[in-house]
Amino acid sequence: MSVLPLAITGDRPTGPLHLGHYVGSLLNRVNLQHTHHLTVLIADFQALTDNMGNPEKVRSNIVELMKDYLAVGLDPSKVRFVLQSAVPELFSLTCYMQNMVSVGQLERNPTIRSELVSRGFERSVPAGFLCYPISQAADIIGLGGGVVPVGEDQLPMIELCNDVARRLNGLGAHVSECKALLSPTPRLSGVDGKGKMSKSAGNSIALGCSAEQLQQAIKMAYTDPNHLKVSDPGTIEGNVVFEYLDAFDPNREEVAALKTHYQQGGLGDMTVKKRLITIMEERLSPIRNARMSISDSDALDILHQGTQQARVLSSEVLEQVLSAVGVARLSAVKKTYGNM
Ligand code: TRP
């Protein structure tokens with residue numbers, strides 16, 4: 001296991017994972033677990049940076065996330081699952097690293113900038129939220145670095161992490177830099193056809209949804225608003241039903257033929273939607289069943305084991321960082337000066 005290169009990824013536990021996560025990152029992780037020693041971090045502290053008033057949401061979604069991971073086929077014998085808040089070493093690292101990043105640098109981070117606008121924070125932004133890229137850098141550095149699968153928009157986060165890693169190494173530490181693994185993973189549109197699928201936009205289909213919920217969502221899904229009669233020619237572009245067929249239907253030729261037929265006219269939305277429901281149900285029902293067969297306590301045990309391993313690893317990194325920044329552990333001080 002340890003001969004494989006490291007990879008780290010994570011999610012905030014703010015809601016169960018949906019099909020956008022499935023297509024955009026989970027499938028990629030399932031592949032990655034065969035070629036890398038993968039760490040999946042449940043970033044509950046990071047989730048709290050803008051959910052301090054709603055701890056129950058964060059707490060209850062930790063086990064939901066674990067079930068999603070296991071149900072899609074992340075194998076606990078290969079993957080290390082870590083609960084961020086249960087690794088205090090990561091917070092110690094964050095604190096020291098905060099002195100190596102300026103507020104200006106954080107405010108210029110494009111991801112943070114757009115999040116500040118979308119959450120309407122302005123000057124009332126929680127300090128912890130503004131600093132979450134530093135906490136994220138501590139997660140990556142503290143858990144050994146490696147490759148980090150990200151989208152383009154996350155590149156400044158990786159840059160910041162490596163900036164800090166280089167500064168630490170300049171002081172004599174030997175922490176690993178990380179490398180962005182840019183994946184050409186498609187981001188799925190929401191069922192309303194307005195932007196990407198997201199829980200907060202209310203346009204998502206949860207990975208663990210019931211057959212009825214799936215049917216409902218697809219029946220309501222956005223198609224071509226000008227395709228009023230079956231005989232009308234329809235448009236494929238922006239039509240989420242075809243986008244989902246592209247993402248889930250393995251029979252490319254039949255999908256191509258359906259598209260041609262739809263564009264020519266004579267193919268009704270309901271016919272295409274029925275096919276999509278069948279295809280998606282085939283894909284989702286094993287995940288739903290697997291999800292139901294996993295108990296809360298099994299899921300949390302697996303998380304606990306990975307978290308314990310992470311503590312061992314991150315305390316070694318912390319030790320290095322402490323000596324690099326000139327701070328000795330209490331145990332070392334005691335050795336030098338005798339018991340205080
Ligand atoms: N920011 C990530 C998200 O919102 C979660 C995360 C926290 C993370 N720490 C990380 C991802 C470290 C990769 C590496 O999804």
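Just so you know, these numbers use all the heavy atoms, side chains as well, and skip hydrogens, waters and symmetry mates. Order of listing sets the numbers, starting from 1, for every ligand and every atom in it.
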Would you mind writing out a table of all protein N or O atoms found under 3.5 Å from any N or O atom of ligand 1, naming both atoms and giving the distance to 0.1 Å?
| unit_1 | atom_1 | unit_2 | atom_2 | d |
| --- | --- | --- | --- | --- |
| ligand 1 | 1 (N) | Q46 | OE1 | 2.8 |
| ligand 1 | 1 (N) | Q136 | OE1 | 2.7 |
| ligand 1 | 4 (O) | R12 | NE | 3.2 |
| ligand 1 | 9 (N) | D139 | OD2 | 2.8 |
| ligand 1 | 15 (O) | G10 | O | 3.4 |

* Other cluster members, V312 - Ile/Leu/Val/Met/Phe/Trp/Tyr, side-chain contacts below 4.5 Å -> none

* Could you work out the complete set of other residues in the hydrophobic cluster of V58, with links drawn between I, L, V, M, F, W and Y side chains under 4.5 Å apart? => L48, M52

* Structure fact -> Besides M292, the hydrophobic cluster formed by Ile, Leu, Val, Met, Phe, Trp and Tyr side chains linked at under 4.5 Å, directly or via other members, contains none

* Asked: Can D75 and Q33 be counted as having a side-chain donor-acceptor contact under 3.5 angstrom?
  -> no

* To do: Kindly work out whether a path of hydrophobic side-chain contacts (I/L/V/M/F/W/Y, heavy atoms less than 4.5 Å apart) joins M220 to V241.
  => no

* **Test item: side-chain donor near acceptor, S189 and E243, under 3.5 Å** => yes

